[in-house]
Amino acid sequence: MNKGPIGIFDSGIGGTSIWREINKVLPYESTIYLADSRNAPYGEKSKEQILQLSIKNVEFLLQKGCKLIVVACNTATTNAIKELRASYSVPLIGIEPAIKPAALNSKTKTVGVLATKGTLSSALFNNTSEMHASGIKVLDQVGTGLVEQIEKGEINTSKTKELLRNYLDPMLSQGMDQLVLGCTHYPYLLPLIKEILPENIKIIDSGEGVARHTKNVLQLNDLLSGSDGESSSHQFFTNGDVEVLKFFLRDVSVPYSAQFLNF
Ligand code: DGL
């Protein structure tokens, strides 16, 4: 047993979509969430820049005593998790676009992946696609501008909707029947995405799977906090706008603290 917190980081507030899944599956675990919003979007940065930012985030979470770290960012995972695992002994959980279930489910043999430039150009993503989607047409689409809109809290605006239409319509006309959300910010766009896509298009994201995997890894390493009724605590740190972070957490029912931190 280990009562230490789970550390979670993202380039911004997107990874709170993963925090939600983790809190659902592991309600007795304490968490520390780090939003590096000042440096968002990671998706437009080089692999080396993404690695350096990821190291800074991991160091912060380790200093806070985290027993396991979830890289709640597809871009950081696909560009840096190998190097992070080679440098740190703490268990590191990553997130990648869920291409495998999408390929297995697809009847039209055509799958759309909406993700950042950094994710779609990474070796890890391309290897995974080759391995799990042979015989499947994978339509890669960079979601340019979407992370910025979400970081500003501009979810339900005509600009965000127009960007989404520009990305989704061409994939629809090419026969996509599965859409993979390959960025942890995008689940916050689900209401808009559902307005645009016909009902028969399946939307897949990796959040729930990451939470289940996190539980398994804690179990295997004897790191679960135990469920003896002691309350868990949740701390959120951002180097961006704390009000935007709180806006995204407005429906969270467990007690938490959210603060600005100049890191
Ligand atoms: N949430 C990050 C991801 O999953 C966004 C990346 C970015 O900052 O561009 O890819």
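Numbering of residues begins at 1 and proceeds along the displayed sequence. First listed ligand is number 1; within each ligand, the first listed atom is number 1. The structure presented is a predicted model; accordingly, all values stated were derived computationally and were not measured.
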Quiz item: Does the ring center of Phe237 lie less than 6.0 Å from the ring center of Phe60?
Solution: yes

Self-check item: Criterion side chain to side chain contact (heavy atoms under 4.5 Å, CB included) against Asn74, the qualifying member of Leu120, Asp205, Thr119, Leu124
Solution: Thr119

Exercise. Pick one of side chain, backbone, both or neither for how Ser11 approaches ligand 1, counting any non-hydrogen atom pair under 4.0 Å.
Key: side chain

Quiz item: When you measure from atom 6 (C) of ligand 1 to each heavy atom in Ile150, Asp10, Thr75, Val142, which option holds the nearest one?
Solution: Thr75

Practice problem: Record the part of Asn74 in heavy-atom contact with ligand 1 below 4.0 Å; permitted values are side chain, backbone, both and neither. | Solution: both

Practice problem: Would you mind running through ligand 1 and noting each atom that sits below 4.0 Å from a heavy atom of Pro41? | Solution: 7 (C), 8 (O), 9 (O)

Quiz item: Which one holds for Thr184 and ligand 1: side chain close, backbone close, both close, or neither close, with close meaning a heavy atom under 4.0 Å?
Solution: both

Quiz item: Do Asn2 and Asp222 meet the criterion of a side-chain donor-acceptor pair at a distance under 3.5 Å?
Solution: no

Practice problem: Please identify each residue that fulfils side-chain contact (heavy atoms from CB on, under 4.5 Å) with Leu190, with sequence neighbours left out. | Solution: Leu181, Lys194, Ile203

Exercise. Have a look at Gly14, Gly15, Gly43 and point out the one with the heavy atom closest to atom 9 (O) of ligand 1.
Key: Gly43

Quiz item: What protein heavy atom sits nearest atom 7 (C) of ligand 1, and how far off is it?
Solution: Tyr42 N, 3.2 Å

Quiz item: Does ligand 1 have any atom that is closer than 4.0 Å to a heavy atom of Gly12?
Solution: no

Quiz item: Counting from 1, what ligand 1 atoms have a heavy atom of Thr116 closer than 4.0 Å?
Solution: 6 (C), 9 (O), 10 (O)

Quiz item: Do NZ/NE/NH1/NH2 and the carboxylate oxygens of Lys24 and Glu21 come within less than 4.0 Å?
Solution: yes

